[in-house]
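Worksheet: one structure, shown below.
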Amino acid sequence: MKRLTYLYMAISLATGALTTSCNDFLDRPAEDSYNAGTFYKDDNQCLQGVNYLYNSPWYDFQRGFIKVGEVMSGNYYWGSSPYLTLTVNGTDGDLMNMSYSLWSVIGHANTVYNNLKNATASQAVKNQCMGECLAWKAMAYFFLVRSFGDVPIIHDNSAMLADGSYSNVSRVKKADVYEYIILTLEKAMQLLPRQGSPGRIDYYAAEGLLAKVYLTKSG
């Protein structure tokens, strides 16, 4: 009888231990549902937050820009394309998608930049990533002003959504857009490292873009 009692006790202890282990194993934070409050906690996450700006938002832009930059200039023959005959208008799908893509870059750059302000990563990496955001934002505006002329300036889309001013946005003159691009790049250069990692924007990449902006603005 005692042996049976000991056996029951052993089974109960083992079952309790397994239950505790399973609960500990299952009680873990989800790794696929990050938000601004749970991300940007270390250097690697800050870099990951900026990586998106190097890729997806530009997809539709590059599809349309080959027509604006190459077909319209006569460098690329595209049959009876309205870009070739210079008869394209504002309802053209590629032209609209190109515009949407550039605004997407600007919106994401603004959002990531604001999120990085409260990051708990090292200051050097925070500065680098914030500088990259500003450089990409300046690049998007550079293509916008060259392609469409007068365009609105969206300095902080989150603030505009919060106060409702997004519904009352006006275009800004080309000269002022260029000045905004210059100011944005100058701020980026203050934050970016002189020598960045391969494939990432650094001080000299931003400086090269700034030189091109000055040449285009004066031309």
Side-chain angles (χ1 to χ4, degrees), residues 28-59 61 99-145 151-172 176-213:
R28 300 175 63 185
E31 296 181 356
D32 61 348
S33 59
Y34 286 113
N35 55 51
T38 59
F39 204 64
Y40 303 101
K41 297 299 184 182
D42 55 42
D43 290 0
N44 188 52
Q45 288 184 342
C46 288
L47 293 169
Q48 290 175 356
V50 181
N51 284 346
Y52 180 71
L53 295 175
Y54 284 78
N55 191 348
S56 298
W58 295 94
Y59 180 72
F61 164 74
S99 170
Y100 297 155
S101 181
L102 293 173
W103 287 117
S104 177
V105 173
I106 291 168
H108 284 292
N110 283 337
T111 300
V112 176
Y113 180 87
N114 285 333
N115 288 334
L116 286 165
K117 291 178 181 178
N118 298 319
T120 54
S122 67
Q123 192 61 50
V125 171
K126 284 176 61 175
N127 287 347
Q128 173 192 329
C129 292
M130 292 171 75
E132 290 179 27
C133 288
L134 293 176
W136 280 126
K137 178 180 178 178
M139 174 77 84
Y141 264 116
F142 187 46
F143 282 120
L144 273 172
V145 73
V151 294
I153 289 178
I154 309 299
H155 184 67
D156 187 339
N157 40 281
S158 297
M160 295 179 71
L161 286 170
D163 62 21
S165 59
Y166 64 89
S167 61
N168 188 29
V169 178
S170 301
R171 290 186 296 174
V172 176
D176 294 328
V177 178
Y178 275 112
E179 287 303 317
Y180 184 74
I181 295 170
I182 291 169
L183 290 173
T184 303
L185 284 172
E186 289 175 343
K187 177 61 176 179
M189 291 164 62
Q190 294 174 12
L191 297 169
L192 290 165
R194 293 277 172 164
Q195 184 174 1
S197 302
R200 302 197 76 93
I201 296 173
D202 60 14
Y203 174 93
Y204 297 106
E207 186 179 45
L209 177 57
L210 180 61
K212 188 172 180 63
V213 171

For Asp42 and Gln45 the tightest heavy-atom approach is OD1-N, 2.8 Å

Keeping Trp58 on the side-chain end and Ser101 on the backbone end, is there a donor-acceptor pair under 3.5 Å? no

Separation between CD of Glu179 and OG1 of Thr184, rounded to the nearest 0.5 Å: 11.0 Å

Taking Ser104 for the side chain and Tyr100 for the main chain, is one N or O donor matched with an acceptor at less than 3.5 Å? no

Got Met160 and Val169 here, is their nearest side-chain heavy-atom distance under 4.5 Å? yes

Here the pair of heavy atoms bringing Thr111 nearest to Ser158 is OG1-OG, 4.2 Å

Grab the two heavy atoms, one from Val105 and one from Pro57, that are nearest each other, plus how far apart they are. CG2-CB, 3.5 Å

Identify the heavy atoms of Ala206 and Leu192 that sit nearest to each other, and give their distance. CB-CD1, 3.8 Å

Got more than 12 heavy atoms from elsewhere within 6.0 Å of OH, Tyr52? yes

Which heavy-atom pair separates Asp202 from Pro193 by the least distance, and what is that distance? CB-O, 3.3 Å

Would you confirm whether Tyr54, through its side chain, and Ile201, through its main-chain N or O, come within 3.5 Å as a donor-acceptor pair? yes

Kindly assign one of parallel, tilted or perpendicular to the pair Tyr178 and Phe142, based on the angle between their ring planes and the thresholds 30° and 60°. perpendicular

When rounded to the nearest 0.5 Å, the distance separating CD1 of Ile106 from CG of Leu53 is 11.5 Å

How many angstroms lie between NE2 in His155 and OH in Tyr180, if you round to the nearest 0.5 Å? 5.0 Å

Interatomic distance, CG@Leu183 vs CG@Leu134, rounded to 0.5 Å, equals 11.0 Å

Donor-acceptor pair, Lys41 side chain versus Thr120 backbone, under 3.5 Å? no

A side-chain contact here means heavy atoms from C-beta on lying under 4.5 Å apart; do Val177 and Leu144 qualify? no

How far does CD of Gln190 sit from OH of Tyr203, to the nearest 0.5 angstrom? 9.5 Å

One pair to check against side chain to side chain donor-acceptor pair (under 3.5 Å): Glu132 and Gln128. What are the steps and the verdict? CA-CA 6 Å; Glu132 290 179 27; Gln128 173 192 329; 2.9 Å; yes

Is there a side-chain contact between Asn51 and Arg200 in this structure, where contact means two heavy atoms from C-beta onward sitting under 4.5 Å apart? yes

Looking only at heavy atoms, what is the nearest atom pair of Lys126 and Ala119, with distance? NZ-O, 3.2 Å

How many angstroms lie between OH in Tyr113 and SG in Cys129, if you round to the nearest 0.5 Å? 12.0 Å

Whether the side chain of Asn110 engages the backbone of Ile154 through a donor-acceptor N/O pair (distance < 3.5 Å, no angle test) should be reported. yes

Ring centroids only, cut at 6.0 angstrom: are Trp136 and Tyr141 within range, meaning strictly under it? no

Is any side-chain heavy atom of Met130 less than 4.5 Å from a side-chain heavy atom of Lys187? no

